[in-house]
Amino acid sequence: MIVLPDEGQDAGRSRPPTQDAVAATEPTARRWVRQGVVVVGVLMGLVLVTSAFGDDDAGGTSAPMRVDIATQDAVVDVLGLYAAEVAVADAAAAHVDPFGLPPLVVRARQLREATAALRARVAELRVEEVAPGTPGQAYVDHPDHDALAEVAAEVADRAELLGFLGDVHDAIYGGGGAVQLPQARRILDEQILLGDGPEAGMAWASGLLDAIDGRADPATVAAQRAAAGAEWAAVAARLGPADGEDLAAFLNGIDPGVLATLDGHPLAGPALQRLRG
């Protein structure tokens, strides 16, 4: 668990100063107008004061907080990289039945898009050196990001393979499917089974070829299907944000006030919430 510093302090409250009484001889309407102007002015002053000052631990008024924009930008960039890796894991949806929804071909497409965005993000942040000399830059430069992208590409390839095999399986045993059996037999025999692939996935492909030729036991092919799905899910489950130690060290070194300003940020806010877990 990445432990972030506590954030958020109650805003300080000030008592508005009172105004001298308006002369009793002044007309009532004018007196109300003048009092209204005074009240508005006092409230505006309070807004400015309470937005610039906070309460310290003893309940007194603290000095105004000045947000370091450069630090804030660096935090957003680093958290953006974390969010890109979360998007890769979410695209795989490894916790969902491989043969459920969304279909594996859809997951494969989403994985490729998320992986391309991750690679672009890593390359950009490494060139810009968004947090030089800090654990944040160490997080950006960590090779686990590249390894994650490689695994994601492999998971996408396997998802496409299993998606096709699932269509063949449905065509044989379900009377439907999005592929014609003569075409499926040719692809299995001349392409898939001549190449390399995941062990359980290839066993299922072989079983489906036998099933098309009428030589396979349906129960055996069903077991091969389940094994291939479990094999894919195990690899997909490896997808996730890389090396949390540098990221935690970076965020724990940031002023809590700076992090508090990012809670509403569309990218950094959800990333912080997920890290706080």
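Worth knowing before you read on, the calculation uses all heavy atoms, side chains too, and leaves out hydrogens, waters and symmetry mates. Along the sequence shown, residues carry numbers from 1.
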Could you tell me the separation between the [atom1] atom of [X] and the [atom2] atom of [Y], rounded to the nearest 0.5 Å?
| X | Y | atom1 | atom2 | value |
| --- | --- | --- | --- | --- |
| D263 | R276 | CG | CZ | 4.5 Å |
| T115 | E150 | OG1 | CD | 9.5 Å |
| T134 | D246 | OG1 | CG | 9.0 Å |

If I compare all heavy atoms of [X] with all of [Y], which pair ends up nearest, and what's the gap?
| X | Y | answer |
| --- | --- | --- |
| V122 | V140 | CG1-O, 4.4 Å |
| L104 | G163 | CD1-N, 4.0 Å |
| G229 | P98 | O-CG, 3.4 Å |
| A131 | F250 | CB-CE1, 4.2 Å |
| A114 | A91 | CB-CB, 4.4 Å |
| L125 | D77 | CD1-O, 3.5 Å |

How about [X] and [Y]: do any of their side-chain heavy atoms sit closer than 4.5 Å?
| X | Y | result |
| --- | --- | --- |
| V75 | Q72 | no |
| P103 | L101 | yes |
| R225 | V221 | no |
| L161 | P198 | yes |
| P241 | V86 | yes |

*Check each of L208, D213, V168, V179 against R185 using the side-chain contact (heavy atoms from CB on, under 4.5 Å) test, and report the only one that passes.*
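Of the listed residues L208, D213, V168, V179, the side-chain contact (heavy atoms from CB on, under 4.5 Å) partner of R185 is D213.
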side-chain contact (heavy atoms from CB on, under 4.5 Å) with M202: of I192, D196, L165, only one passes, and it is I192
Does [X] reach the main-chain N or O of [Y] with its side chain, forming a donor-acceptor pair under 3.5 Å?
| X | Y | value |
| --- | --- | --- |
| N252 | A248 | yes |
| E85 | A242 | yes |
| Q137 | V130 | yes |
| W232 | L162 | no |

Sidechain N-carboxylate O distance under 4.0 Å for D90, R274:
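Judged by the 4.0 Å cut-off on N to carboxylate O distance, D90 and R274 do form a salt bridge.
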- Scan for salt bridge (charged side-chain N to carboxylate O under 4.0 Å, His left out) pairs involving residues 99-114, sequence neighbours excluded, and state none if there are none.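 For residues 99-114: R112-D157, R112-E160.
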Residues 226-236 vs salt bridge (charged side-chain N to carboxylate O under 4.0 Å, His left out), sequence neighbours excluded, gives none
message: Enumerate the ring-ring contact (aromatic ring centres under 6.0 Å, His included) contacts for residues 85-110, please, sequence neighbours excluded, ordered by first and then second residue.
response: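 ring-ring contact (aromatic ring centres under 6.0 Å, His included) check on residues 85-110 returns F99-W204.
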**Message:** Classify the ring geometry of H142 against H145: parallel below 30°, tilted from 30° to 60°, perpendicular beyond 60°.
**Reply:**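 Taking H145 first and then H142, their aromatic rings stand perpendicular (interplane angle over 60°).
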**Message:** Check for me, please, whether F164 and V105 land in the same ILVMFWY cluster - side-chain distances under 4.5 Å, paths through other members count.
**Reply:**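 They do not share one cluster, since no chain of ILVMFWY contacts under 4.5 Å joins F164 to V105.
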message = Would a single hydrophobic cluster contain both L193 and I187, if residues Ile, Leu, Val, Met, Phe, Trp and Tyr are joined by side-chain heavy-atom contacts under 4.5 Å?
response =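 Yes.
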Residue set satisfying salt bridge (Lys or Arg N to Asp or Glu O under 4.0 Å) with D141, at least two apart, ordered chain then number -> none
Next on the checklist: E190: which residues meet the salt bridge (Lys or Arg N to Asp or Glu O under 4.0 Å) condition with it, sequence neighbours left out?
Outcome noted: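 With neighbours one apart ignored, the set is empty.
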Go through it in stages, so that I can follow the logic: the residues are L79 and L267, the test is side chain to side chain contact (heavy atoms under 4.5 Å, CB included), and I'd like the CA-CA distance, side-chain angles, deciding distance and then a yes or no. CA-CA 8 Å; L79 287 175; L267 183 64; over 6 Å; no
**OP:** Might you work through the side chain to side chain contact (heavy atoms under 4.5 Å, CB included) test for L81 and L247, ending with a clear yes or no?
**Re:** CA-CA 10 Å; L81 176 53; L247 178 59; over 6 Å; no
Contacts of D210 meeting side-chain hydrogen bond (donor to acceptor under 3.5 Å, both in side chains) (sequence neighbours excluded), chain-then-number -> R215
